[in-house]
There are 2 protein chains.
Amino acid sequence: MAEQRPQRMTRQRRIILEELRKLKSHPTADELYDAVRERLPRISLGTVYRNLDVLQENGEVLKLESAGSQKRFDGDTHPHYHVRCVHCGRVGDVENEVAELDVTGFSAPGFTITGGTVEFYGICDLCRERGAPSRPDGPQGRQ
Amino acid sequence: MAEQRPQRMTRQRRIILEELRKLKSHPTADELYDAVRERLPRISLGTVYRNLDVLQENGEVLKLESAGSQKRFDGDTHPHYHVRCVHCGRVGDVENEVAELDVTGFSAPGFTITGGTVEFYGICDLCRERGAPSRPDGPQGRQ
DNA sequence: CTGGATGCAAAGGTTTTGCACGCTA
DNA sequence: TAGCGTGCAAAACCTTTGCATCCAG
């Protein structure tokens, strides 16, 4: 479990958390920064990053990583699957309930498998409307 | 499908592909760069990136964008699952065969789901030996 | 020959960090 | 009051790109 060091609930931290929970878009750090800045005009992007790290360590937010592009954040920690748009990288929530993935029986040399999840991909409505190809340059696309 | 434009098999491209297929470690671009440089000391990292892009568009290599900070590449395009070490980001191959994931029945507002895959996570032997925690700073870890 | 590919270096985009000051508990 | 958190700016990191030159077909 994550070590929960003593922490303070500063105005910045509270508002970052509130805005992230308000946004359903799984924003990137700078998108969240834009939202937070409407309430705290002098906040810095570094503070947003630092707080997202702390909040993630405390299990209050989810950091959705996609190597090499921008990370996205989710204020909803209730277990659910995500879809990622292969064209623009946007992330959405899958409505279906998550099924417990039974990891026993799976093995990988050099590794101890502890868990697994399903990752969905697809295309978001905005990209679809624009007539974007479903596979821009591979299964992942870029942001 | 990926449009396969006319392309040349340069020495650089061929050796990059050979080295990537030789490595079972799912290297990052700069790890592959190191390997390739032993045979082509004057190659540039930019060339490695450019060729990995081309090779990926042609379906000859896989770009693993799953998570971590750096992208990793796989010269084995045969369908298989991956495990990622939550501590160091290393990626391994899962031995089990892949099962076709039935995506019908899954839905996400604002998205059209086209596919999905299982992503395993765990801890690699090197990190285990070092006594690394299984959750360094969240479920993703960093490279 | 021709135009895709390369090497080099600079730029680009995202995230992290050092530091002095501020503010929560 | 103690020491975590902040704003600012610089640095670190990874990846892409402009350009002159090279070379595979």
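Order of the sequence lines sets the chain letters (A, B, ...), proteins ahead of strands, with each chain counted from 1. Keep in mind that this is a model prediction, so the values were computed, not measured.
- With hydrogens and angles left out, the side chain of A:R13 and the base of D:dG5 share no donor-acceptor pair within 3.5 Å.
- Put simply, NZ on B:K63 is 11 Å from C1' on D:dT16, counting in whole angstrom units.
- Contact between the side-chain N/O atoms of A:T10 and the OP1/OP2 oxygens of C:dC23 is not found at any separation under 4.0 Å.
- The NZ atom of A:K71 sits 10 Å away from the P atom of D:dC14 (whole-angstrom rounding).
- Note: CG (A:D30) to C1' (C:dT16) measures 15 Å, nearest angstrom.
- Here B:Q12 reaches the OP1 or OP2 of C:dG7: one of its side-chain N or O atoms lies under 4.0 Å away.
- Within the structure, ring-ring contact (aromatic ring centres under 6.0 Å, His included) contacts touching residues 55-79 of chain B (residues at least two apart or in different chains) do not occur.
- Rounded to whole Å, the distance from CD1 on B:I15 to P on C:dA5 is 16 Å.
- The ring-ring contact (aromatic ring centres under 6.0 Å, His included) contacts involving residues 13-34 of chain B comprise B:H26-B:H82, where partners must be two or more places apart or lie in separate chains.
- Take B:R14 and apply the side chain to side chain donor-acceptor pair (under 3.5 Å) test, not counting sequence neighbours, and it matches B:E18.
- Rounded to whole Å, atom P of C:dT6 lies 14 Å from atom OH of B:Y33.
- Not counting sequence neighbours, the partners of B:F106 by the ring-ring contact (aromatic ring centres under 6.0 Å, His included) test are A:F120.
- One can place CD of A:E65 at 13 Å from C1' of C:dT14, the figure rounded to the nearest angstrom.
- Here B:S69 does not reach the OP1 or OP2 of C:dT15: none of its side-chain N or O atoms lies under 4.0 Å away.
- Through ILVMFWY side-chain contacts below 4.5 Å, B:M9 is grouped with nothing and stands alone.
- Rounded to whole angstrom, the span from the CZ atom of B:R11 across to the C1' atom of C:dG7 amounts to 14 Å.
- Proximity of residues 41-52 of chain B to DNA chain D (heavy atom under 4.0 angstrom from any strand atom) is restricted to B:L45, B:G46, B:Y49, B:R50.
- Between the side chains of B:E119 and A:T117, no donor-acceptor pair is found at a separation under 3.5 Å.
- Distance, B:Q70 CD to C:dT16 P: 13 Å, rounded to whole Å.
- The pair B:K63-B:D53 meets the salt-bridge criterion, since a charged nitrogen lies less than 4.0 angstrom from a carboxylate oxygen.
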